[in-house]
Amino acid sequence: MAEIVSVKNTGLRGITVADTKISFIDGEKGVLIYRGYRIEDLAKNSTFPEVALLLLNGVLPEKKELELFEKQIADAGRVPEYVFKSMKHWPGGARPMDVLQAAVPILAVGDGDIGDQTREANVRMAVRLIARVPAVVAGWHRIRQGLDPLAPDDSLSHAANFLWQLHGKKPDPEMARDLDVCLILHADHTFNASTFACREVVSTRAHMYAGVAAGVGALSGSLHGGANAEVMKMLLELEPEKDIAGWVKRRIDQGERIMGMGHAVYKTMDPRARFLKDMALRLGKKTGQSRWHELSTQIEEAGLREFSSRGKSNIQPNVDFYSAPVYHIMGIPRDLMTPIFAISRVAGWCSHIIEEKFAEAQEKPALYRPQAEYVGQYCGLMGCEYEPPNER
Ligand SMILES: CC(C)(COP(=O)(O)OP(=O)(O)OC[C@H]1O[C@@H](n2cnc3c(N)ncnc32)[C@H](O)[C@@H]1OP(=O)(O)O)[C@@H](O)C(=O)NCCC(=O)NCCS
């Protein structure tokens, strides 16, 4: 019989709920590993499609296998016409994360593999999702401006294609490579809130699209993926501010959070933030926008001093802190920053969904079903006496 754990752990911090072979974090040392490979190594040497295949299959692909996967992604990037036709009727002011969350089941209704429970069918659906999530985000940005979505350009990389479909001009290759690196850095992160949401949903045997739609919803919150857009809001508000240290202190005194700082698992600087900080500096210098890196660094330093003086020196920059200035320098609107997180994380979500569905890291699939402690009205096991409305 399964052991009954009666300790309540609100927020499930530190509770192991499953095994995974996909990624590993050492929160004390600031280490992130995908399928055995350090994130720094992958960011320097790999590409997002290669990392996506690594996450999905567990091993780095051979050259031919990678080329085939890149072709599959490029072919699948053509979003079925009915999806954009439908989106053209949606209110132009809709938030891109809501649009994306709504678009995922709309993509599902046209996917011929939806009823097929095999791993192969799930991998095919994963390929379509990885290919189409960016096309939907870019397509929505065009639609809301009264423009038609652009078809992908097969000569461009996955990241470059997104920039092309978003802005309607061929991106600078260095910037496209930087976006590719951002996608690598965001692709997976063990049992974060959105991945857990995906896994929880498919543990009921719901299909992959149902899981991914839940993941998009969870990611949209400001304590998770929504934090990058909040960081950018803070940077824009603080641009004219002279007393950054005073602002940071006041905010913490008032019990408000400094967005982009702190992490449920990392107790030191997030390794992805280190990478993005350097990128913000380099891109800023290249484009004459160094102020965003300078301002972010000032907030970081003030935050570290303030947190440390309160005995919370483990609150340090996370991935969202420096991705916001990077995306801003790339010309990405603030409300598309969280959707870009989704464009990358969809690779991790799909890999976890497959691992969950096919019990690839543990003996057999399990339906998630935690307990809650009931603290509401209680009149004993016979229940409270019901009184009709007119007698209450
Ligand atoms: C991500 C986050 C939710 C993780 O927090 P956590 O480790 O689970 O811890 P808690 O939310 O319980 O916070 C612990 C304490 O640190 C404080 N804290 C944590 N992050 C903080 C931040 N960014 N700014 C100010 N205070 C913060 C909390 O207010 C809390 O203080 P208290 O104990 O006095 O109530 C939290 O750091 C946060 O809200 N960060 C800002 C949002 C963000 O960047 N999210 C993206 C994460 S990748």
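Note that ligands are numbered from 1 as they come in the structure, with each ligand's atoms numbered from 1 the same way. The analysis underlying the following values was restricted to heavy atoms, covering all of them including side chains, and did not include hydrogens, waters or symmetry mates.
- Put simply, no part of Glu306 is less than 4.0 Å from ligand 1, judged by heavy atoms.
- Around atom CD of Glu81, more than 12 heavy atoms belonging to other residues, nucleotides or ligands sit under 6.0 Å away.
- The N/O atoms of Met259, backbone and side chain alike, include none that comes under 3.5 Å of an N/O atom in ligand 1.
- By the 4.0 Å N-to-carboxylate-O rule, Arg274 lies too far from Asp278 to be salt-bridged with it.
- In this structure, His186 and Phe341 have perpendicular ring planes: the angle between them is above 60°, well past the 30° mark.
- For Phe196 and Tyr368, the ring centers sit closer than 6.0 Å to each other.
- In this structure, Phe307 is part of the shell of residues with a heavy atom less than 4.0 angstrom from ligand 1.
- Using bins of under 30°, 30° to 60° and over 60° for the plane-to-plane angle, the ring pair His263/Tyr266 lands in the tilted bin.
- Ligand 1 has no N or O atom lying under 3.5 Å from any N or O atom of Glu256, backbone or side chain.
- Ligand 1 has no nitrogen or oxygen under 3.5 angstrom from a nitrogen or oxygen of Ala227.
- In summary, Asp98 and Arg95 engage in a salt bridge, as defined by a charged side-chain N under 4.0 Å from a carboxylate O.
- For atom 1 (C) of ligand 1, the closest non-hydrogen atom on the protein side is Gly262 O, 3.8 Å.
- Protein heavy atoms are absent from the space less than 4.0 angstrom from atom 9 (O) of ligand 1.
- Glu230 does not count as a contact of ligand 1, since none of its heavy atoms falls under 4.0 Å from the ligand.
- Checked against a 3.5 angstrom limit, the closest N/O atoms of Lys312 and ligand 1 fall inside it.
- Close approach of ligand 1 to Gly260 is summarised as follows: ligand atoms under 4.0 Å from at least one heavy atom of the residue are 43 (C), 44 (O).
- Shown are Arg78, Lys71, Gln72; of these, the side chain to side chain donor-acceptor pair (under 3.5 Å) with Asp75 is made only by Lys71.
- The residue Arg251 has no part lying near ligand 1, judged by heavy-atom distances below 4.0 Å.
- Environment of CZ in Arg310: crowded, with over 12 heavy atoms of neighbouring residues, nucleotides or ligands closer than 6.0 Å.
- Remark: Lys233 NZ is loosely packed, at most 12 non-hydrogen atoms of other residues, nucleotides or ligands lying under 6.0 Å away.
- Under the 4.0 angstrom criterion for non-hydrogen atoms, Leu223 is in contact with ligand 1.
- Checked by distance only, ligand 1 and Ile258 come closer than 3.5 Å through their nitrogen or oxygen atoms.
- Shortest contact from atom 5 (O) of ligand 1 to any protein heavy atom: Arg257 NH1, 4.3 Å.
- Taking a cut-off of under 4.0 Å to the non-hydrogen atoms of Lys267, the atoms of ligand 1 that pass are 7 (O).
- Remark: aromatic rings of His224 and His189 are distant, center separation not under 6.0 Å.
- Looking at ligand 1, you won't find any N or O of His224 less than 3.5 Å from one of its N or O atoms.
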